[in-house]
Amino acid sequence: MRNTAKITAAVLAAGALTAGLTACGSGKDSASHDYSGPLVVAASPTPHADILNFVKKNLAKKAGLDLEVKEFTDYVTPNTATEDGSVDANYFQNQPYLDDFNSKRGTHIVPVVTVHLEPLGLYSHKVKSLDALKSGATVAVPNDTVNEARALKLLADNKLITLKKGAGAEATPRDIDANPRHLAFKEVEAAQTARSLDDVDAAVVNGNYAISAGLKPAKDALVLESAKNNPYGNFLAVKKGNENDPRVKKLAKLLTSPEVKKFIEDKYQGSVIPSF
């Protein structure tokens, strides 16, 4: 990622991987890679790194996993670092975002296991309800393709706007068909949406950034994305070909364990929802 916050831990066990894989920090060719070192995973600080650190502290040692967590605050570097082998895996994104990223950047990242959903929400420091959002209000939305379309769908689902027929995973404000409240849209980087709340009337914020900003999605959101049939579950991902790395398989099993499910439910109280 562009902004590296910190390295929080170290992990993992063994196994040879398939040809064509790149391990972090190794100058050997793929056929002779030593995969006995730690599994290095790039993650957004909250909730992804929190969940990984729970695994590291409570589950990894018993499973024979040496886990190293690198925290990043943007949505680009975890994939580019996974692609170039700077890290072994990442945990921060959903399928529509990954599909768009791979298509535009020529990367080869694939999902391994889906862990949780962070419902997208509309927040405001200026009004307490959706009905109080005035005509002409300014709403901040994420400026990346997938999250902007997701934000607009949330607004459409709650009758604030109507989208043109066929507007899908790449919808932008240009695809708005009806805007009865004459809302103005401010497109900002996803990581900045929560920080923009003092400058706009409302903002659509990704769940991880909402939690990092001290918001409680289940309580504070004016409206919150439904978890039912939601395609935006967050997953552990690797560069294609690394799915069978035994370290990755161990982590995938731990991330979908009853212990992790309970941790997510207890810690986030509905603001993050297990997807398994």
Side-chain angles (χ1 to χ4, degrees), residues 1 5 41-55 69 71-79 89-101 109 111-124 140-155 157-158 169 188-197 202-237 252 255-256 260-276:
M1 287 194 178
V41 183
S44 299
T46 303
H48 309 81
D50 293 341
I51 295 169
L52 288 170
N53 284 324
F54 171 82
V55 169
V69 183
E71 296 186 16
F72 298 98
T73 58
D74 73 287
Y75 284 169
V76 174
T77 318
N79 276 337
N90 67 57
Y91 173 34
F92 78 101
Q93 66 191 319
N94 56 57
Q95 192 67 59
Y97 179 84
L98 177 59
D99 290 344
D100 180 71
F101 193 98
I109 312 301
V112 176
V113 66
T114 301
V115 181
H116 75 268
L117 172 73
E118 302 161 28
L120 199 72
L122 178 68
Y123 300 85
S124 177
V141 295
N143 66 1
D144 64 272
T145 301
V146 170
N147 283 305
E148 182 168 53
R150 187 180 174 189
L152 294 174
K153 183 179 185 301
L154 174 68
L155 299 179
D157 287 345
N158 287 277
V188 301
E189 187 178 350
Q192 303 301 318
T193 50
R195 299 175 191 174
S196 74
L197 281 167
V204 180
V205 185
N206 289 76
N208 60 315
Y209 291 131
I211 295 167
S212 295
L215 297 166
K216 297 179 180 179
K219 177 183 177 182
D220 296 332
L222 302 181
V223 293
L224 198 63
E225 198 175 39
S226 171
K228 186 177 181 179
N229 299 321
N230 196 305
Y232 295 103
N234 283 207
F235 46 67
L236 178 70
L255 283 172
T256 53
V260 167
K261 183 175 184 178
K262 185 176 188 303
F263 171 76
I264 293 172
E265 291 173 341
D266 291 348
K267 183 174 179 64
Y268 299 109
Q269 299 291 308
S271 297
V272 177
I273 304 168
S275 297
F276 56 92

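Model, not experiment: these values are computed from the prediction. Heavy atoms only: backbone and side chains are in, while hydrogens, waters and symmetry mates are out.
The two residues V204 and A151 come nearest to each other via the heavy atoms CG1-CB, 3.5 Å. Among all heavy-atom pairs drawn from Y232 and L117, the shortest one is O-CD1, 3.6 Å. P217 and A210 make their closest contact through CG-CB, 4.2 Å (heavy atoms, listed as atom of the first residue, atom of the second, distance). The nearest pair of heavy atoms linking E148 to P142 is CB-O, 3.1 Å. Scanning both residues, P45 and E71, for their nearest heavy atoms gives CB-OE1, 3.5 Å. Listed here is the closest heavy atom pair of A213 and A194: CB-CB, 3.7 Å.
Rounding to the nearest 0.5 Å gives a distance of 8.0 Å between CD of E189 and OG1 of T73. Separation of atoms OG1 (T145) and CG (D99) is listed at 12.0 Å; rounding is to 0.5 Å. A distance of 8.5 Å separates CD1 of I211 from CG of D50, quoted to the nearest 0.5 Å. Note that the CD atom of E118 and the OH atom of Y209 stand 9.5 Å from one another [nearest 0.5 Å]. Note that the CD1 atom of I109 and the CG atom of N90 stand 6.5 Å from one another [nearest 0.5 Å]. Atom OG of S226 sits about 10.5 Å away from atom CG of L154, to the nearest 0.5 Å.
Looking only at side-chain heavy atoms (C-beta outward), L224 and Y123 come within less than 4.5 Å of each other. Using a 4.5 Å heavy-atom cutoff, the side chains of L255 and F235 are not in contact. V188 is not listed as a side-chain neighbour of N143, based on a closest heavy-atom distance of 4.5 Å or more.
Judged by distance alone, with hydrogens and angles left aside, the side-chain atoms of N53 form a donor-acceptor pair with the main-chain N or O of A49 at under 3.5 Å. Judged purely by atom type and a 3.5 angstrom limit, Y75 has no side-chain atom pairing as donor or acceptor with the backbone of A191. Looking only at distances, no side-chain donor or acceptor of N206 sits under 3.5 Å from a matching main-chain atom of N208. Counting only distance, with no hydrogens or angles, the side chain of T193 and the backbone of V141 share no donor-acceptor pair below 3.5 Å. In this structure, D100 contributes its side chain and V146 its backbone to no donor-acceptor pair below 3.5 Å.
With sequence neighbours left out, K262 forms a side-chain hydrogen bond (donor to acceptor under 3.5 Å, both in side chains) with D266. Listed by chain and residue number, H48, H116 satisfy the ring-ring contact (aromatic ring centres under 6.0 Å, His included) test with Y91 (two or more places apart in sequence, or in another chain).
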The test is side chain to side chain contact (heavy atoms under 4.5 Å, CB included); show your working for N79 and L98 and say whether it passes. CA-CA 9 Å; N79 276 337; L98 177 59; 4.2 Å; yes
